[in-house]
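Everything below concerns the one structure shown next.
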Amino acid sequence: MPTTPARLLALLLAWAGAAQAAGMGARDARHLLLRTGFDAPPAEVRATARLSRAEAVERILAGARSEARTPVPPQVLAWTDPRDLRGMSPEARKAFQQDLRARSIALKGWWVDEMVSTDSPLTERMTLFWHNHFTSSLQKVRSPALMYRQNVLLRKHALGNFGELLHAVSKDPAMLLYLDTARSRSGQPNENFAREAMELFTLGEGHYSEADVKEAARAYTGWSIDPADGAFKWRPLLHDDGVKTVLGRSGEFDGDQVLGILLAQPATAEFITAKLWREFVSPRPDRDEVRRIAARFRQSGYQIRVALRELLLSDAFWASANRDALIKSPVDLVIGTVRRYGIRYSDPLPLVFVLRHFGQDLFSPPNVRGWPGGEDWITSQTLLARKQFLERLFRADEGRMTPAAMERAVERVPEDGKPYVRRMLQAAMDLRYLPRRGESVQQARARVLDPAYQLK
Amino acid sequence: MRRRDFLAASVAALVVPRPALAQARYRRLLILVELKGGNDGLNTVVPYADQDYYELRPRLALARDAVLQLDARAGLHPALEPLMPMWRAGELAVVQGVGYADPNLSHFRSIEIWDTASASDQYLSSGWLARAFVADPAPPGFAADGVAVGGNDMGPLAGAPRAIVLNDPDQFLRQARLARPEQRSGNAALNHILRVEAEIVQAARRLSADVPLRTEFPANAFGSALRTAAQLAANRGGVAAMKVSLEGFDTHQDQAARQQRLLAELAAGLAALKSALVEIGRWDATLLMTYAEFGRRPRANDSQGTDHGTANAHFVVGGRVRGGLYGAPPDFGALDGGNLPYAVDFRSLYATALERWWGIDAARALGGRFPTLELLRA
């Protein structure tokens, strides 16, 4: 039979279908794993390569945890009634500050441990994504216990429902303190949360007016915390129960009703979808695609998995122009390297400090907008710090710090920081790549010091 | 091609470099100090003779006899005492009512407006200093056009052809040996990394870390950033502009104690910087200006703090500054939505730096003409 173009096409399609069924291949698998997790270990790449793209995406989404597996150090959970602080002697206050620092570091180390050891890296990536969206910071909240509770909340909803997450996090005690809702009251409402909820959490700039901010602020009054245990507390006497007008709707709204109004706006789904696009696909969202995916996201009642599935299966996600188009965040780089090269450590402290040095101090984003990310991760300072970290990790010689050199380094820091620096230097000396089968130190070193290693 | 590459390429092709002139102009240093979060100008430069001020801030207002009186109406917050020697020496200009039309009250949008010197409804991608350096490059022998000292945010230097972030010159030079200049590629993210790498190599070639200073700086992050700024100012490989930040001015609650601490850090830091610049003989060749995304609302909120506002007071100091009060004192009778009208467009301060300090055409960097202020001595 002569080969007609139609037959040829049919053959090609059949072949393509077979190839698809036979799996996406290692290159696609590596891309998917790196973009949805921290690293692409060879065994995972082989397993994923056998699946189709849709199968692999489904497996990643379906298998995501909603709870951490690393137990939190008990000291992190300690809550101090702020009223107890008022009467403290200067010595007691100083001891409290030191304890606060120790608990903050324990909290950060706990999250590092979880990210390094988790079997559900997408959960941690999304928890971090929401931490960077619904920002709160230890700097202002000053309670590791509340920041931990918020982290648990973000993880629980990380791949759940965005609307539920918005309602829950708005009443989360760390958030109530971070954006001053706990101090806001009828008569003179504090606008901080009302503004950021519209500008940064839902609508994005340009989709609301100053009057909307002022009115919404009245609705959130009454949301407070109980100083005895740091839990959410509704204080009806502080609530402004009058009529408010927000985005053209009027009523005796409370905070949840105003959040409902924000969720009903199409701008919210588009704003969140565009942000997810920048996290997972490319630095510049495609407007039409964002609209399409946002519509499905909204129709689904804000199921985060729906938005992620659409994004991860979009043509743009797989387009060759968007491969290696994102700059690794400090967490991507540090956690990814530790996981990929099986680097063992006994104490997460050096990693906590390295992340801070690279500009991503966990639980302490720079401001309510979070870490700007993208090209902003790379400045002369952070690029040099990244290279130095990788270079030290993959050094063939021993190059250990002598005890005398360590003491000199410790000398330079203020008294109350000395124990941490000593502990960190000690732990950092053991932090190194031990060559395993397949890759020598020199090979690994060449790979990680290549500028392309900064990309994902 | 990215906007910045395009600009750099087109300027390189069109502008005939005049290195000697550039050398002379950029020996005059510009230091910008960002008061991050939006400093409360009304409790910084206090309108202590205005009854409205006390009515708007019953518990937050500073008493007449607590302020450091500058004239019959304006007084500085007492924590700014270390600035008074500069005031008395006629080296401190206080500009009141700095802002812009149709103000935006978002931290991020408003600082973007300040950093890019845009109008309120205009979106620009590069910083105003970056555009100035594209049009009038610093001499090739300079280590960098600009340095963001401490922090990681380039601000008005974002997109500058040769700008770096640096905390500690010594550490920078030790680490810089890991940087290698490499060929550009077609990948935008990779290009960004390679460009930063090239900027490091260039700066490291021309900076020396060994700059002893006798002046002691305050033992805090702002103090050490200013020490680094002074070390860079003393370096033979020049730097034309620097940006330093002091963070924490977003005082929605319990403002009094926090602002007191921050203003004390600001004043002690600037006094130390002056002493160091005098020590190295560059005080007369330095112009320093403060800036922030906005001032704060005249009426205090119920958390003993202040919410986002508009017009603000700023400081300009330096050996050639003509001290005094500029702009207009706050007019509480003209509040718009509870916020102050502005009297001086912030781009007038930038135009003053570009035209009067460096002698370059400000219109190209600022996208228009803005009147300059007479706050420099010949």
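Proteins come first, then strands; the chains are lettered A, B, ... in the order of their sequence lines, and each starts at number 1.
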* To do: Please look at A/Leu449 and chain B and tell me whether the side chain, the backbone, both or neither of the residue comes under 4.5 angstrom of a heavy atom of that chain.
  => neither
* So what's closer than 4.5 Å to chain B heavy atoms on A/Leu383: side chain, backbone, both or neither? -> side chain
* Asked: For B/Glu216, does the CD atom sit with more than 12 other heavy atoms under 6.0 Å from it, leaving out its own atoms?
  -> no
* Structure fact -> Highest number of heavy-atom pairs under 4.5 Å with chain A among B/His107, B/Gln175, B/Gln171, B/Glu247 belongs to B/Gln175
* **Heavy-atom proximity to chain A below 4.5 Å, by part of B/Asn187** => side chain
* Asked: Rounded to the nearest 0.5 Å, what separation is found between the CG atom of A/Asp376 and the CG atom of B/Asp153?
  -> 7.5 Å
* Taking the side chain as every heavy atom from C-beta outward, state whether A/Glu191 and B/Arg297 have any pair of such atoms under 4.5 Å apart. => yes
* To do: Please look at B/Ala148 and chain A and tell me whether the side chain, the backbone, both or neither of the residue comes under 4.5 angstrom of a heavy atom of that chain.
  => neither
* For atom CZ of A/Arg392, decide whether the heavy atoms of other residues, nucleotides or ligands shown that lie under 6.0 angstrom number more than 12. => no
* **Minimum-distance pair of heavy atoms, taken over all atoms of B/Ala189 and A/Ala325** => CB-O, 3.6 Å
* Between CZ on residue A/Arg185 and OG on residue B/Ser303, distance to nearest 0.5 Å -> 9.0 Å
* Structure fact -> Rounded to the nearest 0.5 angstrom, the CG-CD1 distance for A/Leu455 and B/Ile193 is 4.5 Å
* For the atom pair CG (B/Leu178) and CD (A/Glu391), what is the distance rounded to the nearest 0.5 Å? -> 5.0 Å
* Asked: Could you give the distance from CZ (A/Arg369) to OG (B/Ser106), rounded to the nearest 0.5 Å?
  -> 6.5 Å
* Under the 3.5 angstrom rule, does the side chain of A/Gln381 hit a backbone N or O of B/Asn167 as a donor-acceptor pair? -> yes
* Give a yes or no on whether A/Arg142 atom CZ has more than 12 heavy-atom contacts from other residues, nucleotides or ligands under 6.0 Å away. => no
* Grab the two heavy atoms, one from A/Leu384 and one from B/Ala176, that are nearest each other, plus how far apart they are. => CD2-CA, 3.8 Å
* When A/Glu199, A/Glu196, A/Arg323 are compared by non-hydrogen pairs under 4.5 Å with chain B, the top option -> A/Glu199
* Please examine the side chains of A/Gln454 and B/His192, heavy atoms only from C-beta on, and report whether any two atoms are closer than 4.5 Å. => no
* chain B contact via A/Glu210 - which portion, at a heavy-atom distance below 4.5 Å -> side chain
* **Toward chain A, the part of B/Glu197 with a non-hydrogen atom under 4.5 Å** => both
* Structure fact -> The interface call for B/Leu166 against chain A, heavy-atom contacts under 4.5 Å, is backbone
* To do: Name the option with the most non-hydrogen atom pairs under 4.5 Å to chain B; the candidates are A/Asp324, A/Ile327, A/Asn192, A/Val368.
  => A/Asn192
* Asked: Under 4.5 Å between any side-chain heavy atoms of B/His308 and A/Arg195, yes or no?
  -> yes
* Asked: chain A heavy atoms under 4.5 Å from B/Arg177: which part of the residue, side chain, backbone, both or neither?
  -> side chain
* Asked: Does any donor atom in the side chain of A/Glu205 or B/Asn104 lie under 3.5 Å from an acceptor atom in the other side chain?
  -> yes
* Using a 4.5 Å cut-off on heavy atoms from C-beta on, say whether the side chain of B/Asp307 contacts that of A/Asn190. => yes
* How far does CG of B/Asp302 sit from CG of A/Leu238, to the nearest 0.5 angstrom? -> 9.5 Å
* To do: Could you tell me which non-hydrogen atom of A/Gln188 sits nearest to which non-hydrogen atom of B/Ala300, and how far apart they are?
  => NE2-O, 3.9 Å
